[in-house]
Number of protein chains: 4
Amino acid sequence: MSKSSDIKKLISKFLETRQTTSRICEPLAIEDYIPQPIPDVSPPKWHLAHSTWFFEQLILVPYYSAYKIFNPQFSYLFNSYYNNLGDRVLRKNRGFLTRPTVAEIYEFRSYVDEKMLEFMERPVLPEVLETIEIGINHEQQHQELLAYDIKYILGSQPFYPPLGDLFSPPEQKSQQSWLKIDGGIKEIGAEGEGFVFDNELPRHQVLIRDFEISNRLVLNGEFVEFIDSGGYQNFNYWHSEGWDIIQSEEVMAPLYWVNVDGEWCHYTFKGLQKLNPNLPVMHLSYYEAFAYAQWKQCRLPTEFEWEAASFSFEWGDLWEWTESAYLPYPGYKIPQGAIGEYNGKFMINQKVLRGASVATASGHSRNTYRNFFHPSARWIFSGLRLAR
Amino acid sequence: MSKSSDIKKLISKFLETRQTTSRICEPLAIEDYIPQPIPDVSPPKWHLAHSTWFFEQLILVPYYSAYKIFNPQFSYLFNSYYNNLGDRVLRKNRGFLTRPTVAEIYEFRSYVDEKMLEFMERPVLPEVLETIEIGINHEQQHQELLAYDIKYILGSQPFYPPLGDLFSPPEQKSQQSWLKIDGGIKEIGAEGEGFVFDNELPRHQVLIRDFEISNRLVLNGEFVEFIDSGGYQNFNYWHSEGWDIIQSEEVMAPLYWVNVDGEWCHYTFKGLQKLNPNLPVMHLSYYEAFAYAQWKQCRLPTEFEWEAASFSFEWGDLWEWTESAYLPYPGYKIPQGAIGEYNGKFMINQKVLRGASVATASGHSRNTYRNFFHPSARWIFSGLRLAR
Amino acid sequence: MSKSSDIKKLISKFLETRQTTSRICEPLAIEDYIPQPIPDVSPPKWHLAHSTWFFEQLILVPYYSAYKIFNPQFSYLFNSYYNNLGDRVLRKNRGFLTRPTVAEIYEFRSYVDEKMLEFMERPVLPEVLETIEIGINHEQQHQELLAYDIKYILGSQPFYPPLGDLFSPPEQKSQQSWLKIDGGIKEIGAEGEGFVFDNELPRHQVLIRDFEISNRLVLNGEFVEFIDSGGYQNFNYWHSEGWDIIQSEEVMAPLYWVNVDGEWCHYTFKGLQKLNPNLPVMHLSYYEAFAYAQWKQCRLPTEFEWEAASFSFEWGDLWEWTESAYLPYPGYKIPQGAIGEYNGKFMINQKVLRGASVATASGHSRNTYRNFFHPSARWIFSGLRLAR
Amino acid sequence: MSKSSDIKKLISKFLETRQTTSRICEPLAIEDYIPQPIPDVSPPKWHLAHSTWFFEQLILVPYYSAYKIFNPQFSYLFNSYYNNLGDRVLRKNRGFLTRPTVAEIYEFRSYVDEKMLEFMERPVLPEVLETIEIGINHEQQHQELLAYDIKYILGSQPFYPPLGDLFSPPEQKSQQSWLKIDGGIKEIGAEGEGFVFDNELPRHQVLIRDFEISNRLVLNGEFVEFIDSGGYQNFNYWHSEGWDIIQSEEVMAPLYWVNVDGEWCHYTFKGLQKLNPNLPVMHLSYYEAFAYAQWKQCRLPTEFEWEAASFSFEWGDLWEWTESAYLPYPGYKIPQGAIGEYNGKFMINQKVLRGASVATASGHSRNTYRNFFHPSARWIFSGLRLAR
């Protein structure tokens, strides 16, 4: 990584990542950058500033002595969850921050970009390059969250404004079939050269049994059958906690589905659309994915089964809920300091999702990547693949 | 009111009111128009649209046959509490509305202004003129709420941005003294020609006793003494409900007061300022006003005492909490229809404030005006005058 | 009051009051003494102990030097809201106290009774006699709350257990008619010798207008008409806060009314009974009373009107909601110390009820008595009389 | 199982189990049977009735035609979470049920016992015997919950009443040492004849790595060092969710620990006691167990490691938190009907505990038993064993 061509690649990846973030926000009105309709959803403005804050606080401040902080208040405002890096605004209050303005945050971005380029043109220690690589991956993760959060904010407007032809999974034409996978001891986790997150390591052996897995995701049309057969009314398909949630929140379909005069529509970035039965079903919680699988007398794959089988099917349109809880791999150690707060401290009450989605940055599409969310999350780009 | 000079006056008052609303919002960034940091505070954007909605729904739609609705979605979006006029967005969700944008709302304002002028140049029935008059007064009330809400939104920013030299009550130079008022039967409530709200009627007789009332409001410097003497720690000065609130919310000073290194500062539209001891104390709840009066072995005046005495002191810098609950005057009848939802349905669990504030539209400064808020309200421009 | 016959009367009133409290609890199972199904409702056990605690802490401890405290823990446990008398169990946690047991609390009662009798046989200062009188009245108030709370606890059992023929208001046979009352200056508040609470004083003059008031309370049968006409579905009859409550809590009838296969029943101490149309309607909130009056194009009387008219109708079956907020009479001063916490600190967000109920101790039935509750209270023995 | 000696064993196990339940409750006052201080804690009365309800609803009603239901209301009242068996009282409202009384519930127990004995003396189908076996195990689980819940109810009393010398884990005298365990493919899960729960099946192979595990549980004295070193103030040891909980609930020590004048005490069934440093630390949440392990630079074992190593250390004093999430074993199928609601529907957001505690019925002490609770549970008899 320390050779000059590597540096050039890193610089170009840095620039491309930073520009992509801005491009995702291009169709937004200033107003859309502000609100936080549920605690899970952060204002787009906040993502723009926080991903920039990462480079300022973890690269420029500690390693670039000529650097002058853009605005000392920003380090307080745009810290997300890094307790090691000082105080922060309560997550639930992010939607009340009107100042700094969106324009000021774009200035902050330009300023940090410029300084990062200056900095990267000088000799840089390998471990700093690694942190820059993490910063780029961190921002790519926020690009995907931006897609989720923008969709939620726009989808909360009473009249479903369209934003453009963005982030659409393609139609599925193939017939459903079952792929047989032989069991045995499998190597699980990342190996080799490219960037990976600490939670993908160490590579280790897992014993799995023979199983079958579907060649494709479950489709909208198939999920409608589950609804029509009373799937949301029969507690036998549900976890106890899932059942409580769908009862108290009166959930009767995936998020963004709206029943208009007896016909299913769903909100996409193009606005409110008639439901296309050939698209993979999207915006399910783990509970809904599990209930569907129960109804089908199937199950969800574990993350190990998924990884072992992933050579044999196409993936990448939607994140796929697995049966696996998000836990450390054997031998995993939480790194020290702020970077250590990145993954390890979330290893509780979360389910692993595997694959990638149409909103995932290309560098993140690898079959060892472990995405994770609370089982109740529905605003993410999640889908479901059956196993048995 | 139906003569042509009256119409001209009304048109000019209409225009002036509409322009004043825009002028109040002039220093805002687009971002400041959006959030709702507490349920009491509405986004400025919402005030701009709702006050316009009033003219569209209560004047143009029913009485101007040539009128074309600007956008049918707006009548759903900007209804506030008029159940008689159909569905509405839940109050607590106003801060999530990013669309229509601020620019679209200003277009809505211009469009309705233009149509209102067209309409008012034609012959108009007296009762419609009355409703226009109400609409103007309604918007003036929202101008004052705009001042409160803008202050709260800006005052919620971690770094207290200044907005300009707006809405500052003047310093108080006069010595405190007691004015003696003779008791007896007093005429209370509005009379004569100009516009008044229904809750100021009917004019009626109230028997009051001899009392004394202060010539001026309590000042910041005086209130600091209450704090320093442990006033916020001694439950004997407080109502049971007030004590619960200051305990659970850890209230130790009026809203917007900040103790910076042992020195009291307060947030004003100029930013965070050292506390000026000669300004009237502001942003008190009724509970705090009452506790201060208890500590002083005085009390708050009733709204009848206040009205009867108002000829003898200056008022108009801050709304003054009274001891009176907000109740209908004897003989008051709730009007039928949407207008009837204006005042009567709030006549519970509210205290009357009398006078006016530096944010009050000039037409609202009359000594029979009955302002009202929950006793816990602190974001309003409230102050306190002692009686005994 | 200091003459020996007065002392004898006081002793006999003390004994009778203490015995009445026990008699009210006689039909309870031990289990019924424990729970607190809503924060407003205290466990019967708690009432028994708290009313005893009053005599221990305010009479025996300060004035009877030979007195030995029964158990020092009790003074912490059974303080209710007297901040002046030290720490206390949070109100919402009363239902978790299983120890001391019910038997131990009856021992506490016997012990304090015995010591009080010893003490009262010695010479006692007049001001101490006054506090004893307050203690008796305090316990009588708790007798009435016991009736409410026992009804709520038993009424929360899924199968509505009967408890006996207790506290039933009598049937109303008389035709409804309107009594005309002349306005003018009326003397309001207590006078003369017997015990009264501080909030009934000072006696003062109030100016009222001519009005009419109903000869009797509204009956169940009449209230059914309001329900049948859609009264709970038409917001025009309701205060904004009342409407919010009936919406969010899905209120569709008075408390304890149950619709069994299309027929109205209600829970009484005799168990679940068919609704008797000739009984006065009971267990209304102020909001419901107000809405009914609106629907009838009438109103509720003020507490002054009620007091002025009370010579001309029968009252005493149910407390009657008035339109008046609970406020101090002109010239009222909150007494110093613990006694001062009795009434004054509740003078906010409460409505006055006048009259008495079938659960009221006889000494409390006077036409100057000011009962008060939050407008949402429904578990009390409240009814409604119309005025216009 | 169908031979007559097996039946005799089952009858004797049934009787012994039923008597043990009553014996656990013997020291309680009637009052202690009623409250539900937190939703997790059920009233003892409820456990007594619910475990009896199980035999009535799942054995006597479907299989014993001569059986007459004791009281039809009980089947509504004492259903816990079996949606398949009809309606039920909301869990959070169990503490308000005063009726049926405790005496009536003991009558219900005697009645069902008598009928069960009658029934078991007749020829019984093997599958019914299996359900009786489940009912016995179910009641044994409730015996342990009774111990937890009684401790919580008594421990919530402000003055910590003693109940007797019950359920005390023994002192630990042995030195801490590390047992080395070889990795490889291990057989995990139950086998052989005796009763096991469905979640212990199917027996299957798991690949584990070499590891070390402690010979004994962590002791109070060791845990005090963690507290003294600031363990509850350093977020680096904590999961993000654990940190939020200890912040918001101000947790600074295990449950039932009280700092009295600088000295640690803890509530046990003997009352408030000085902390014994040689007892295993108890009443930890998973978060606290994990944080302690992090501080020690160790970790918790997985449930597979624990089971594989369990031959080599003593266990059974306290349940031991593992790192494993509670998930189905490969090939597990949720059974149909009410029995199917027993385990499978809780397989989300729970951590597995292994071993047993001093409150565990002897039949439950097997090294394949999978106990499970939310990671925040602290009222259970939980402890902690380190691995690395």
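To find a chain, count down the sequence lines: A is the first, B the second, and so on, and within it residues start at 1.
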Please classify the contact between B/Pro330 and chain C as side chain, backbone, both or neither, with a heavy-atom cut-off of under 4.5 Å.
both
B/Ile208, part contacting chain C, at a heavy-atom distance under 4.5 Å
neither
Region of B/Phe211 in contact with chain C, defined by heavy-atom distances below 4.5 Å:
neither
Side chain, backbone, both or neither of C/Tyr326 within contact of chain B (heavy atoms, under 4.5 Å)
neither
Heavy-atom pair of closest approach, residues C/Pro375 and B/Asn349:
CG-OD1, 3.6 Å
If you round to the nearest 0.5 Å, how far is CD1 of B/Ile188 from CG of C/Leu207?
11.0 Å
Count the heavy atoms of every other residue, nucleotide or ligand shown that sit under 6.0 Å from CD of C/Glu127, and state whether that count exceeds 12.
yes
Going from NE2 on B/His239 to CD on C/Gln350, what distance comes out if it is rounded to the nearest 0.5 angstrom?
9.5 Å
Return the CD1 to CD distance between B/Ile185 and C/Gln205, rounded to the nearest 0.5 Å.
9.0 Å
At a heavy-atom separation under 4.5 Å, does B/Gln294 approach chain C through its side chain, its backbone, both, or neither?
side chain
B/Tyr286 OH to C/Ile348 CD1 distance, which is reported to the nearest 0.5 Å
4.5 Å
